[in-house]
Amino acid sequence: MPSATGWASSKPPLLRFLDRCHAQFATEDDGAVADYIPELGKADPAHFGISLATLDGHVYEVGDTKIPFTIQSISKPFVFALALDTLGAAKVESAIGVEPSGDPFNSIRLNAENHPFNPMVNAGAIACSGLIHEAKGDGAFEYIRQALGRFAGRELGVDEAVYASESATGDRNRAIGYLLRTNAVLKDRVDLVLSVYFRQCAVLVTARDIAVMAATLANRGVNPVTGEQVMTPYAISRTLSVMTSSGMYDYAGEWIYRVGIPAKSGVGGGILAALPARLGLGSYSPKLDKHGNSVRGIKVCEALSSHYDLHMLNRSDDARNSIIADYDMGRNPSRRSRRAHEQQILAAHRDEVRVIELVGTLSFSNVDYVSRQLASKPRPQFVIFDLRRVTSLTRAGARLVTEEFRELAAHRVTVVLSGVKRGSREWQIITEWTAGISNVRDFYLLDTAIEWAEDQIVYRYGGAIDFHDTTELSEQPLLAGLTPEELTDLASVGMVRHYKAGEKIISAGEAATSLYFLRSGAVHITLPDGVRLATLTAGMAFGEMALLESHRSADVTADMAATAFEIPLRDFDRFRKQHPRAGEAVMRNLAQLLADRLIVANTKVDLLTSY
Ligand code: GLU
């Protein structure tokens with residue numbers, strides 16, 4: 001265990017890396033602070049903050065990550081996403097194109113259809129603000145501010161001075177507005193729409209906010225810090241698409257070629273970079289290069305991408321790692337103790353029940369791999385998929401799962417699912433995939449699923465399990481080898497006990513004073529924490545550990561109405577003295593039963609450690 005100071009001094013390597021970037025690029029002094037909006041010219045060129053948010057909601061911060069600055073063009077992707085979700089994709093996509101323009105961001109030019117080239121240039125962004133204004137009227141800006149706040153995970157304010165400054169000087173944007181209006185892309189008054197646009201550009205954010213906003217884009221619209229689904233995955237993926245092709249002004253092509261991370265920058269000095277399924281980065285440093293991108297921010301993104309090889313098109317995935325264990329029921333029987341004839345049936349048909357334990361995300365490649373693994377061996381009658389370690393399911397994965405279940409149903413294979421709680425979100429998704437497929441069963445515990453499948457196999461091969469059967473002491477494996485006289489003597493000291501369903505027969509911690517031989521019904525043995533150790537049916541002994549230990553280590557509860565012979569330990573000791581040969585046989589049988597349990601336990605441990 002490291003000492004307290006040992007913990008305190010250890011820094012995650014990613015934070016060390018960001019520290020190094022900060023130290024190295026802080027000396028970079030090229031570029032100029034934007035001043036075409038006069039108020040922006042007041043920014044302190046020394047400010048430099050880097051923040052990185054992970055998709056599990058951790059936020060790293062280095063330098064001036066709490067200094068507010070205006071979001072400017074970084075608002076564009078978010079307002080585009082908001083327009084898609086508010087007005088519907090068809091309306092937005094018919095008004096604004098998605099092609100890179102090759103022109104500067106503030107170009108007063110539309111495409112061949114007289115529509116903006118894309119939502120990342122001013123014409124497209126003003127059109128988006130216009131669409132929101134059409135839908136929300138005077139409430140448009142507030143609606144946008146609230147949405148930006150959900151991406152950042154906090155309420156965002158406005159820099160009124162920057163807003164006023166841009167309103168006073170933004171004639172170029174007004175020109176774009178009139179061009180849009182004359183082409184019917186804007187329906188509302190230009191001054192009203194531009195006031196929304198200028199205000200949205202003047203929203204105040206920090207490098208930390210930008211990192212969280214980026215991480216929300218990288219996380220299919222779920223803010224990893226607040227957990228809120230801010231926008232639909234559709235809107236997010238389309239937003240990332242236009243960021244990829246047009247996010248970095250007229251440097252976009254070079255950027256995606258070299259850095260390979262969808263990004264958006266703003267003339268306020270911020271850069272946002274969102275690497276899908278990985279991270280969100282926010283940086284702030286006001287000096288811009290000739291394309292309008294923050295000089296230090298670009299360096300940070302380049303360093304991050306190259307140091308960790310994060311280019312989004314330079315990826316591979318190992319589909320094989322989703323199967324954590326794959327075995328037949330013989331390698332991991334349920335905790336139900338079986339009678340000899342049941343054991344024989346199960347041993348002869350062990351490969352009729354296949355168990356596949358899955359882990360992580362079930363994606364297109366993972367599910368395809370699982371389906372080929374299944375097909376590579378003779379088809380079993382039951383396949384149990386244990387999903388307790390599955391964390392997510394992609395849409396492609398879900399589609400393939402449904403198709404695989406249909407395929408199995410066509411071959412009369414029963415699918416058994418375990419590890420999913422009824423009523424949970426995962427459970428609902430599964431119910432959706434399996435709607436209309438009749439061969440699917442589900443159990444919460446893998447052990448219960450295996451037990452159920454075992455029962456089916458026992459039934460199918462003629463070994464009816466009759467809980468109402470009454471067995472005699474002569475059928476008890478623990479008493480194997482005793483003569484009829486010895487058994488009669490033993491029976492004479494026993495008492496027949498009757499238990500109701502749910503009745504507790506033995507409690508952990510009590511003194512162990514008798515042995516029990518189950519005559520009918522079933523009981524289960526559980527540890528005090530609720531873990532089931534075994535289910536026993538007629539013909540099996542419990543509490544037999546009293547022969548070795550003085551206190552009970554587990555609870556025994558009747559599963560249904562049950563009867564048992566109870567033999568007090570002191571009577572059993574007397575019996576052993578009278579019949580030393582029989583006493584020795586019982587102890588040998590006990591050793592044999594324990595050895596068998598040990599073999600089963602070892603196989604289970606082996607299964608857990610061999611994958
Ligand atoms: N409000 C600024 C403009 O429209 C945003 C520019 C930018 O950040 O690219 O000129």
Side-chain angles (χ1 to χ4, degrees), residues 329 332-346 353 355 382 384 386 388 416-419 421-422 441-461 463-473 475-479 494-510 512-546 552-567 593-594 596-597 600-601 604:
M329 64 172 164
N332 184 23
S334 75
R335 293 180 187 275
R336 164 100 155 263
S337 296
R338 300 279 174 184
R339 287 196 264 165
H341 76 284
E342 295 172 10
Q343 274 174 25
Q344 273 159 19
I345 294 174
L346 292 172
V353 179
V355 183
F382 296 86
I384 300 176
D386 183 55
R388 112 190 88 129
V416 185
L417 303 177
S418 65
K421 262 209 180 79
R422 270 178 187 256
R441 305 272 317 213
D442 77 278
F443 296 94
Y444 180 52
L445 295 175
L446 173 59
D447 188 49
T448 318
I450 297 178
E451 180 180 1
W452 180 81
E454 286 170 351
D455 278 349
Q456 307 307 305
I457 294 291
V458 170
Y459 283 128
R460 283 186 195 184
Y461 294 95
I465 301 167
D466 187 353
F467 289 115
H468 304 292
D469 255 11
T470 301
T471 55
E472 297 309 323
L473 286 181
E475 296 169 62
Q476 289 280 343
L478 188 60
L479 303 178
M495 294 154 279
V496 176
R497 302 276 186 217
H498 293 262
Y499 304 103
K500 290 195 281 293
E503 189 173 337
K504 190 146 228 211
I505 305 171
I506 286 178
S507 295
E510 297 175 341
T513 52
S514 39
L515 316 175
Y516 297 82
F517 294 93
L518 196 59
R519 291 173 72 235
S520 66
V523 300
H524 63 269
I525 304 180
T526 47
L527 288 177
D529 61 8
V531 172
R532 177 170 83 145
L533 290 181
T535 296
L536 307 179
T537 54
M540 293 165 194
F542 61 92
E544 77 285 9
M545 293 300 284
R552 303 294 187 194
S553 55
D555 295 335
V556 179
T557 313
D559 276 333
M560 57 181 70
T563 61
F565 282 113
E566 177 179 353
I567 301 182
L593 287 175
L594 293 178
D596 289 347
R597 278 181 214 160
V600 172
K604 287 189 194 240

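Bear in mind the structure is a predicted one, so any value in this text is a computation, not a measurement.
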Quiz item: Arg339 side chain to Ala538 main-chain N or O, any donor-acceptor pair under 3.5 Å?
Solution: yes
Quiz item: In Å and rounded to the nearest 0.5 Å, what is the CG to CD distance from Leu346 to Gln343?
Solution: 8.0 Å
Exercise. Any chance you could measure Glu342, atom CD, to Tyr461, atom OH, to the nearest 0.5 Å?
Key: 15.5 Å
Quiz item: Hey, does the side chain of Thr471 reach the backbone of Arg519 with a donor-acceptor pair shorter than 3.5 angstrom?
Solution: yes
Quiz item: Considering only heavy atoms from C-beta outward, does the side chain of Ser514 approach that of Ile567 to under 4.5 Å?
Solution: no
Quiz item: Considering the options Ile506, Thr557, Val556, Ile505, which one meets the side chain to side chain contact (heavy atoms under 4.5 Å, CB included) requirement together with Ile525?
Solution: Val556
Quiz item: Does a salt bridge link Arg532 with Glu451, judged by any charged N lying under 4.0 Å from a carboxylate O?
Solution: yes
Quiz prompt | Heavy-atom check, side chain of Asp455 versus side chain of Arg338, under 4.5 Å | solution = yes
Quiz item: Tyr444 versus Thr448: any side-chain heavy-atom pair under 4.5 Å?
Solution: no
Quiz prompt | Heavy-atom closest pair, residues Val523 and Ala558 | solution = CG1-CA, 4.0 Å
Quiz item: Are any of the side-chain heavy atoms of Phe517 and Leu479 separated by less than 4.5 Å?
Solution: yes
Quiz item: Is there a side-chain contact between Met545 and Leu594, using heavy atoms and a 4.5 Å cut-off?
Solution: yes
Practice problem: Verify side chain to side chain donor-acceptor pair (under 3.5 Å) between Ser520 and Thr470, making sure each step is shown before the conclusion. | Solution: CA-CA 5 Å; Ser520 66; Thr470 301; 4.7 Å; no
Quiz item: What pair of heavy atoms forms the shortest contact from Thr535 to Asp559, and how long is it?
Solution: CG2-OD2, 3.5 Å
Practice problem: For residues Pro528 and Ser553, report the shortest heavy-atom separation together with the two atoms involved. | Solution: CD-O, 3.9 Å
Quiz item: From Met560 CE over to Glu503 CD, what is the distance, rounded to the nearest 0.5 angstrom?
Solution: 14.5 Å
Exercise. Kindly say whether Leu473 contributes a backbone atom to a donor-acceptor pair with the side chain of Gln476 at under 3.5 angstrom?
Key: no
Quiz prompt | Nearest heavy-atom neighbours spanning Lys504 and Ser507 | solution = CD-OG, 3.6 Å
Quiz item: Just checking, is any N or O donor in the side chain of Ser334 or Asp447 under 3.5 Å from an acceptor N or O on the other one?
Solution: no
Practice problem: Please report the closest heavy-atom contact between Ala541 and Leu478, naming both atoms and the distance. | Solution: CB-CD2, 3.9 Å
Quiz item: Given Thr563 and Tyr499, is the side chain to side chain contact (heavy atoms under 4.5 Å, CB included) satisfied, shown in steps?
Solution: CA-CA 6 Å; Thr563 61; Tyr499 304 103; over 6 Å; no
Practice problem: Indicate yes or no: at least one non-hydrogen side-chain atom of Phe443 is less than 4.5 angstrom from one of Leu417. | Solution: no
Exercise. Side-chain contact test, heavy atoms from C-beta onward, threshold under 4.5 Å: evaluate it for Ile450 versus Ile384 and give yes or no.
Key: yes
Quiz item: So, does Arg388 use its side chain to make a donor-acceptor pair with the main chain of Ser418 at under 3.5 Å?
Solution: no
